[in-house]
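Below, all heavy atoms of this structure are taken into account, side chains as well, without hydrogens, waters or symmetry copies.
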Amino acid sequence: MAHTAMSGNGTTAGDDPLQTAVWRLRSRACWADAAALLQPVTAQAALQRTALLVERCLYTEQGWAEAEDALRTAEALAHSDDERGAAACERGHLAYAATIHGVRDRADEARAALGRAAALIAPGAEGRALLDFRRGLLAENLAHSPQSARAAYRRAHAGATAQSDPLLLSCTWRHLAGLALRDGELAEARHGFAESLRIREELGFLVGTAPALASLAEAEVEPEATRLREEARRLHRLLGGVPTWLSRQLTPPAASA
């Protein structure tokens, strides 16, 4: 969920004013408004617009047709290997989102697209860390291979560190922590979730903060766990119930009869 942007990504002073406006809307779950600011006349703008609309699908389970249209435009405008690789990476991510949300099983398409992206984006190139992260998502959630997922997340983590991509780092911290939690490594999980939350709060990435709070709650003890979940619920309501999938995690258990 970290994407190449023009003249900065809008999260720091000195970035392009357009990118700053896009970031502010994106971070508040206004992906369609953010995408409307971008004219898809170049491959880079079309790719960024696609990334926003695919992210909306992942967080809201809506907007699939708009994302597909934007993706086809980006694919048509892509000419270099990096651009074609980035477009393939977005196609893989959209197919992954459709699969995990039960819209349609596109797992084979996701694997093929990310494999195509891996052939086009050189190791160490911009975009490779994001690709590694997304391959980790497929390994964890579609192939159910935590070992392969961990290796991919670690590559993505190293790449995000080298490229100074804090938003992607927040994602790799969170997913590595999730695997640690599954293995019963509570201290490691708590550290990773806390780092993810810290970065998202510093960036002002509001739509990603409630999931980070809820994840940290899973690794904390009471009463801190309850406090974190209540804060996640408050923020989740503030953003209109986005991300949609977090509602199930934050729903209190039914009282015993």
Side-chain angles (χ1 to χ4, degrees), residues 1-2 55 58-59 89 92-93 95-97 99-102 105 107 110-111 114-115 117-118 123 128-163 165-203 205 207-233 235-236 243-253:
M1 289 182 285
E55 187 171 87
L58 189 65
Y59 275 75
C89 189
H93 197 45
Y96 164 79
T99 303
I100 64 166
H101 282 316
D105 185 352
R111 294 187 190 96
L114 294 189
R128 186 72 188 207
L130 178 60
L131 171 61
D132 285 334
F133 174 69
R134 290 175 173 175
R135 296 181 90 181
L137 292 176
L138 260 65
E140 180 180 4
N141 298 313
L142 298 186
H144 305 293
S145 175
Q147 186 173 2
S148 296
R150 184 178 289 106
Y153 292 149
R154 284 176 174 165
R155 290 194 302 271
H157 193 83
T161 301
Q163 294 171 11
D165 187 339
L167 185 57
L168 182 55
L169 267 179
S170 79
C171 296
T172 55
W173 272 122
R174 180 165 174 258
H175 284 267
L176 285 167
L179 293 177
L181 184 63
R182 285 177 50 173
D183 291 342
E185 301 291 342
L186 284 179
E188 183 180 342
R190 193 176 298 119
H191 174 70
F193 287 140
E195 282 297 295
S196 178
L197 175 61
R198 177 188 62 79
I199 292 170
R200 291 181 180 200
E201 288 180 333
E202 288 178 356
L203 291 174
F205 190 51
V207 73
T209 299
L213 286 162
S215 292
L216 181 56
E218 295 297 314
E220 283 287 2
V221 296
E222 297 296 352
E224 180 65 6
T226 294
R227 186 194 70 78
L228 290 165
R229 288 192 186 96
E230 285 302 320
E231 178 62 15
R233 288 190 189 101
L235 187 54
H236 191 241
T244 52
W245 41 262
L246 190 59
S247 300
R248 296 182 290 274
Q249 186 176 343
L250 293 175
T251 300

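- Here the CD-CG distance, from Glu231 to Leu216, works out to 12.0 Å after rounding to the nearest 0.5 Å.
- Not a single donor-acceptor pair under 3.5 Å links the side chain of Ser170 to the backbone N or O of Arg200.
- Between Leu114 and Gly92 the shortest heavy-atom distance is CD2-CA, 3.9 Å.
- Of all heavy-atom pairs between Cys89 and Ala117, the closest is N-CB, 3.8 Å.
- For Ser247, the side chain to side chain contact (heavy atoms under 4.5 Å, CB included) partners are His236, not counting sequence neighbours.
- The backbone N or O of Ser196 lies less than 3.5 Å from no partner atom in the side chain of Arg174, so there is not a single donor-acceptor pair.
- A distance of 10.0 Å separates CG of Leu138 from NE2 of His93, quoted to the nearest 0.5 Å.
- Partners of Glu202 by side chain to side chain contact (heavy atoms under 4.5 Å, CB included), not counting sequence neighbours, listed by chain and number: Arg198.
- Residues Ala139 and Ala149 share a closest heavy-atom pair of CB-N, 3.7 Å.
- With values rounded to the nearest 0.5 angstrom, Asp165 atom CG is found 11.5 Å from His157 atom NE2.
- Scanning both residues, Ala210 and Leu235, for their nearest heavy atoms gives N-CD2, 3.6 Å.
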**Request:** For side-chain contact (heavy atoms from CB on, under 4.5 Å), just list the numbers for Leu142 and Arg111, CA-CA rounded to whole Å, side-chain angles, deciding distance to a tenth of an Å, and then say yes or no.
**Result:** CA-CA 10 Å; Leu142 298 186; Arg111 294 187 190 96; 4.1 Å; yes
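- In this view, Ala189 and Ala180, Leu181, Phe193, Ala219 satisfy the side chain to side chain contact (heavy atoms under 4.5 Å, CB included) rule, not counting sequence neighbours.
- Heavy-atom minimum distance, Ala160 versus Ala129: N-CB, 3.7 Å.
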**Request:** Apply the test salt bridge (Lys or Arg N to Asp or Glu O under 4.0 Å) to residues Glu224 and Arg227: give CA-CA distance (whole Å), side-chain angles for both, the deciding distance (0.1 Å), then the verdict.
**Result:** CA-CA 5 Å; Glu224 180 65 6; Arg227 186 194 70 78; 2.8 Å; yes
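- Few gaps surround CD on Glu222; more than 12 heavy atoms of other groups in view lie less than 6.0 Å from it.
- Applying the salt bridge (charged side-chain N to carboxylate O under 4.0 Å, His left out) criterion to Glu140, with sequence neighbours excluded, gives no partner residue.
- When every heavy atom of Ala95 is checked against every heavy atom of Thr99, the shortest pair comes out as O-OG1, 2.8 Å.
- Note on residues 181-194: pairs passing side chain to side chain donor-acceptor pair (under 3.5 Å), not counting sequence neighbours, are Arg150-Asp183.
- Ring geometry for Trp245 versus Tyr59: interplanar angle of 30 to 60°, hence tilted.
- Annotation: side chain of His101 is in contact with side chain of Leu58 (closest heavy-atom distance under 4.5 Å).
- By the 30° and 60° cut-offs, the orientation of the rings of Tyr153 relative to Phe133 is tilted.
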**Request:** Any chance you could lay out the side-chain contact (heavy atoms from CB on, under 4.5 Å) test for Leu167 and Ile199, step after step, and finish with the verdict?
**Result:** CA-CA 7 Å; Leu167 185 57; Ile199 292 170; 6.0 Å; no
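- Residue pairs meeting the salt bridge (charged side-chain N to carboxylate O under 4.0 Å, His left out) criterion with at least one member in residues 208-218, sequence neighbours excluded: Glu218-Arg229.
- Within the 3.5 Å criterion, the main-chain N or O of Gly159 finds no donor-acceptor partner in the side chain of Arg128.
- Rounding to the nearest 0.5 Å places CG of Asp132 at 11.0 Å from CG of Leu137.
- Atom CG of Leu246 is separated from atom CZ of Arg233 by 9.5 Å, given to the nearest 0.5 angstrom.
- Between Leu130 atom CG and Arg135 atom CZ the span is 12.5 Å, to the nearest 0.5 Å.
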